[in-house]
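These notes are about the structure you will find just below.
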2 protein chains.
Amino acid sequence: MSPRNEESSGDAVNRILEAATELFAQHGFDHVSMNTVAEAARVSKANVFHHFKSKDELYVRAMRQACEASRSSLEVMANGEGDAWQRIRLFIDEHLAHMLDNTRDSRLILREVVENRPGAGQRLAQEVFRDNFNRLVELIGQCQREGALRADLDPVFFSTLLLGANVFFFQSQEVLRHLDGVEFADEPGRYGAMFVDVLMRGAMGGPADNEGM
Amino acid sequence: MSPRNEESSGDAVNRILEAATELFAQHGFDHVSMNTVAEAARVSKANVFHHFKSKDELYVRAMRQACEASRSSLEVMANGEGDAWQRIRLFIDEHLAHMLDNTRDSRLILREVVENRPGAGQRLAQEVFRDNFNRLVELIGQCQREGALRADLDPVFFSTLLLGANVFFFQSQEVLRHLDGVEFADEPGRYGAMFVDVLMRGAMGGPADNEGM
DNA sequence: TTGCGAACCGACCGGTCGGTCAGTATTATG
DNA sequence: CATAATACTGACCGACCGGTCGGTTCGCAA
């Protein structure tokens, strides 16, 4: 059942998978026909169905690949030196850079989030986000124990906010470009620096002392 | 050319438009057939094409309607009393509440953002977001002039961050629900309070004094 | 050499899609 | 009433979709 020779047969499978990932990420599931995938992979459509029993299976495989690539790419992140504070900064910077460098996989995953098909949320949460999310939560917890961040802040919430700001920037770049006065739309570095700065300040120091509410 | 009587003809047109908006928001452009729209509007498919010359026109009209509803609904926001600080809080709270109350229109618009088809970003920016965005920028500027927010903060950037946190929460609710320790996924009020708190703290007070970088 | 399964292909199928058309019902106006 | 414009319909079209089928080629093992 498993392919005998990795050169010829595995080659086609990989070409199909690569083409499918690229096309799905670029145009979305519904705008990509199996014929298009076949042509892009320089293979007959029937052969695509020989290796993947349905369009859905092909899509799931492409998703899974993108997820794994995304996860393993981020795995080496923020294991460097420095205090927890600096490591958070680094983590966020690298996370945004990763999304912008791997627009293909990121778009594919993001599409799945917005599409909101039943069960997808849970699967994505478990297979893609959980690890990085938990690592960031842990980092933030360390920060709190070191006293760099206020203790009454929910690390889970703060982690959400940090990652959310990145995701939002990534997905809204095109809209941001056309809003008045947005000069950082094409400068992810500046954006990242600014938002980490604001969020970190907000997470620092003593108890709340803001007036009202 | 314009319809003579608003009761009979306008009725069908409105029914079509309503059905289309609902269906497009729920299932996305590609998963909604003109037949389905026609059935939902209790009208023949040919009649849909009589009033809307193509599926694209119907979609654009539905989008435009959703945009206008969204804009006008938020227009009355944050014109209340209180200092600029409180008005920002109110603005953000109402913005999130609005999205959660009008999931139909919000999803439709969000879909368009992620879909990323050429020209859509600019159109959305101008027709949907510009007004609210600029109003928030203005509010923040006021806050700065009142001394409640530090002056070296880019109001455009801060506005982006505030709205982005809302949008991210709205779109990621389903994923958040399945991440460990996320207890605020179904409590938008608590989420809003927390994130406004963090962001406001981060935007308060004097010049930057954080170590490193 | 033969046999066999996997890789591969062209042709095809049922079904759905967006869109059209010829014709009918309805309504306002002269 | 006649008439003209509009609202509306069922039947239909060509294109394309995901998926199948019969058959051919290829590589390896007996």
Side-chain angles (χ1 to χ4, degrees), chain A residues 1-64 108 111-112 115 117 120, chain B residues 1-64 108 111-112 115 117 120:
Chain A
M1 196 53 69
S2 58
R4 213 65 55 90
N5 48 349
E6 300 293 300
E7 298 84 68
S8 69
S9 98
D11 209 43
V13 171
N14 282 339
R15 250 158 39 218
I16 294 169
L17 213 44
E18 276 297 308
T21 308
E22 178 69 35
L23 288 166
F24 282 143
Q26 224 165 72
H27 308 107
F29 183 85
D30 303 300
H31 287 157
V32 174
S33 75
M34 293 300 262
N35 228 322
T36 315
V37 173
E39 281 172 20
R42 283 163 289 134
V43 168
S44 76
K45 188 175 71 162
N47 197 22
V48 176
F49 279 98
H50 173 68
H51 291 292
F52 304 88
K53 70 179 171 198
S54 70
K55 187 183 182 182
D56 277 282
E57 188 191 303
L58 178 57
Y59 178 71
V60 169
R61 289 276 297 273
M63 271 293 302
R64 201 176 303 274
L108 193 59
R111 246 183 235 279
E112 190 77 1
E115 201 61 39
R117 58 179 105 190
Chain B
M1 197 53 68
S2 60
R4 212 66 53 92
N5 49 347
E6 301 293 300
E7 297 84 66
S8 71
S9 99
D11 208 42
V13 171
N14 282 339
R15 250 160 37 220
I16 294 169
L17 214 42
E18 275 298 308
T21 308
E22 178 69 34
L23 288 166
F24 282 144
Q26 225 165 71
H27 307 108
F29 183 85
D30 303 301
H31 288 155
V32 175
S33 74
M34 293 301 261
N35 228 323
T36 315
V37 173
E39 281 172 22
R42 284 164 289 134
V43 166
S44 73
K45 187 176 71 162
N47 197 22
V48 176
F49 279 99
H50 173 67
H51 291 291
F52 304 87
K53 69 180 170 197
S54 70
K55 187 182 182 184
D56 277 283
E57 188 191 303
L58 177 58
Y59 178 71
V60 169
R61 289 277 297 274
M63 270 293 302
R64 201 178 303 273
L108 192 59
R111 246 183 235 280
E112 191 77 0
E115 202 61 38
R117 59 178 108 191

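Predicted, not measured: the structure shown is a model, and the values here were computed from it. Each chain gets a letter, A, B and so on, in the order its sequence line appears, and its residues count up from 1.
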As an exercise, state the distance from OG1 of A:Thr21 to CG of A:Leu58, rounded to the nearest 0.5 Å. 7.5 Å
Enumerate the protein-to-nucleotides 10-12 of chain D contacts in which both atoms are nitrogen or oxygen and the separation is below 3.5 Å.
none

A:His27: which residues meet the side-chain hydrogen bond (donor to acceptor under 3.5 Å, both in side chains) condition with it, sequence neighbours left out? none
Roughly how far apart are B:His51 NE2 and B:Arg15 CZ, rounded to 0.5 Å? 9.0 Å
Listed in order of residue number, which residues of residues 16-34 of chain B have a non-hydrogen atom at under 4.0 Å from DNA chain C? B:Val32, B:Ser33, B:Met34
Whole Å only: how far is the NE2 atom of B:His51 from the C1' atom of D:dT9? 12 Å
Expressed as a whole number of angstroms, how long is the span from A:Phe49:CZ to C:dG10:C1'? 15 Å
Apply side chain to side chain contact (heavy atoms under 4.5 Å, CB included) to B:Glu22 and list each qualifying residue two or more places apart in sequence or on a separate chain. B:Gln26, B:Arg104
A:Lys55: what forms a side chain to side chain contact (heavy atoms under 4.5 Å, CB included) with it, not counting sequence neighbours? A:Phe24, A:Phe29, A:Met34
Where each residue is assigned the nucleotide of DNA chain D containing its nearest heavy atom, which of A:Lys53 and B:Val43 is assigned the position nearer the 5′ end? B:Val43
Does A:His50 put a side-chain nitrogen or oxygen below 4.0 Å from OP1 or OP2 of C:dA7? yes
Kindly write out the residues that satisfy side chain to side chain contact (heavy atoms under 4.5 Å, CB included) with B:Ala46, not counting sequence neighbours, or none if the list is empty. B:Ser44
Sorted by chain and residue number, the side-chain hydrogen bond (donor to acceptor under 3.5 Å, both in side chains) partners of B:Asp30 (sequence neighbours excluded) come out as A:His31
Please report, rounded to the nearest Å, how far the P atom of C:dG19 is from the CD atom of B:Glu57. 10 Å
What is the distance from atom OH of B:Tyr59 to atom CG of B:Leu108, rounded to the nearest 0.5 Å? 5.0 Å
Tell me: CD of B:Glu39 to C1' of D:dT9, nearest whole Å? 14 Å
List in chain and number order the residues that pass side chain to side chain contact (heavy atoms under 4.5 Å, CB included) with B:Glu57, two or more places apart in sequence or in another chain; answer none if no residue qualifies. B:Phe52, B:Lys53, B:Ser54, B:Arg61
Just the rounded figure in Å: distance from P of C:dC9 to CG of A:Asn35. 12 Å
Could you check how far CZ of B:Arg42 sits from P of D:dT9, rounded to whole Å? 11 Å
Whole angstrom is fine here: how far is it from CG in A:Asp56 over to P in D:dC17? 16 Å
